[in-house]
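When a ligand or atom number is given, it counts from 1 through the structure's own listing order.
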Amino acid sequence: MLEKVRKAVFPAAGLGTRFLPATKAQPKEMLALVDKPLIQYGVEEAIHSGVHNIIIVTGRGKSAIEDHFDVSFELEHLLETRKKKDLLETVRAVSDMIDVAYVRQKEALGLGHAVLRARELVGNEPFSVILSDDVIDAETPCLRQLLDVYEFYHAPVLALMEVPRESISHYGVVDAEPVGHNGERGRLYRIRNLVEKPKVDDAPSNLAIIGRYILTPEIFQSLEAISPGSGGEIQLTDGLKHMLRSRPIYGYKFEGKRYDAGDKLGFLQATVEFALKRHDLGEAFRDYLKHLPL
Ligand code: G1P
C-alpha cells in the first residue's frame, strides 16, 4: 500500500560560509527575503503541499530557528497591548503553522549525513527533503509536483532543472532518460546515474538536482553504506546512486522559478522579484527602481 508522505526534513546545520559575515552569528536559514526567513518559505511550501510534519536538522548556533517557530510570549503580549492586530496574527501564524521536531547534527559532515541524522524521527516511511537555500516560486508548489509523481510511481523523486553548462559543477547532476507520466511527456525522467559536483567535462548532462527530494526509508541504509565523496562529505547524491542499484529513481523537471538564495546574487534577485510581487510594497518599489540611474 502506498504510504502518504507526512514528513519534511530540513537540513539546516551548514556553516553558511558563502554568506559571511552575515552568517557568523546567525543561521543562513534565517536570512530574510523581504521579511520572511528563508526556512519559512520552505516550511510554507511543505504545508501547501500537504506535508505538515517538519523535522529540522540543526547545528551549533542555530537556536534562532527554534525560537522563530516557537511562541514568543513577550512579543505577542506587546503587540496585543499596542493593538497591532495584523502583526500579532502574522507572528502567531508562524508558531501555529507547524508541528516541528529538531535533531542536532553535531558536525557538518555533509548533506547525506544531515539526512541520516533524521532517521529516527522519520522512521520507516517515505519522506521529503527540502533545502531552504533553493527558493522556488511556483504556481503549484514544487514539492507538490514531486509528490504527484511519487503517488503515481511509488518511488523516490528528485527535482531537476536544466542549468548552463558552465555552472554544472555546483550541483548534483543526473544521467536520465525521459519517460511519460499521466500522458505528459517532457518533464519526467528515469534516473540512470548521478554524480555530485562533476567537472564540466565529466557532467553526464545539464540536468541538475535542485533541493527537493521525495525519498523512501531505504536511503538510510545507502547513506550508511557509502564513503565520503565530493568535499570529503557524505553526499546525498552518492546515497541515491547507491540506492539506484536496487530500485528505480525518478526525476521531475519542475515548473516554477528557482532562486539560489544561498548565493549573494541569487539572494538579491529573489529579494527584488519577491518585493515587486508584494501587494503592500510592489508599486512603491517598482517606482523606486525605475528612477535609479542604472
Ligand atoms: C546540494 C546537493 C546538490 C544539489 C544542490 C542544489 O549541494 O549536494 O546535489 O544540486 O544542493 O542546491 P550544496 O548546494 O548544498 O553544495
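With sequence neighbours excluded, the residues that form a side-chain hydrogen bond (donor to acceptor under 3.5 Å, both in side chains) with Glu45 are Arg212.
Taking a 4.0 Å cut-off on heavy atoms, Asp133 fails to register as neighbouring ligand 1.
The shortest contact between atom 13 (P) of ligand 1 and any protein heavy atom is with Lys197 NZ, 3.7 Å. Glu196 OE2, 3.6 Å is the protein heavy atom nearest to atom 2 (C) of ligand 1. Atom 11 (O) of ligand 1 has as its closest protein heavy atom Leu131 CD1, 3.4 Å. Scanning the protein heavy atoms around atom 10 (O) of ligand 1, the nearest turns out to be Ile209 O, 2.6 Å.
We find that Lys199 and Asp201 are not joined by a salt bridge, their nearest charged nitrogen and carboxylate oxygen being 4.0 Å or further apart. Comment: Lys257 does not engage Asp137 in a salt bridge, judged by the lack of any side-chain N to carboxylate O separation of less than 4.0 angstrom.
When each atom of ligand 1 is checked for a heavy atom of Asp134 under 4.0 Å away, the hits are 6 (C), 12 (O). Listed by number with element, the atoms of ligand 1 under 4.0 Å from a non-hydrogen atom of Leu111 are 2 (C), 8 (O).
The closest side-chain donor-acceptor pair between Glu44 and Gln40 falls under 3.5 angstrom.
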Item to complete: Determine, step by step, whether Glu233 and His113 satisfy the side chain to side chain contact (heavy atoms under 4.5 Å, CB included) criterion, reporting the C-alpha distance in whole Å, the side-chain angles of both residues, the deciding distance to 0.1 Å, and the verdict.
Response: CA-CA 8 Å; Glu233 298 184 337; His113 181 259; over 6 Å; no
Item to complete: Apply the test ring pair (Phe, Tyr, Trp, His ring centres under 6.0 Å) to residues Phe220 and Phe127: give CA-CA distance (whole Å), side-chain angles for both, the deciding distance (0.1 Å), then the verdict.
Response: CA-CA 11 Å; Phe220 295 124; Phe127 65 104; 5.2 Å; yes
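Between Gly172 and ligand 1, at least one pair of N/O atoms sits closer than 3.5 Å. Annotation: Thr237 places an N or O atom under 3.5 Å from an N or O atom of ligand 1; distance criterion only. Note: no N/O pair closer than 3.5 Å links His170 and ligand 1 by distance alone. Considering both main-chain and side-chain atoms, Arg18 never comes within under 3.5 Å of ligand 1 through any nitrogen or oxygen pair.
No option in Val195, Val174, Asn193 other than Val195 meets the side chain to side chain contact (heavy atoms under 4.5 Å, CB included) test with Pro204.
Val135 belongs to a hydrophobic cluster whose other members, connected by ILVMFWY side-chain contacts under 4.5 Å either directly or through intermediates, are Phe19, Leu31, Leu33, Val34, Leu38, Tyr41, Tyr259, Phe267, Phe274, Leu281.
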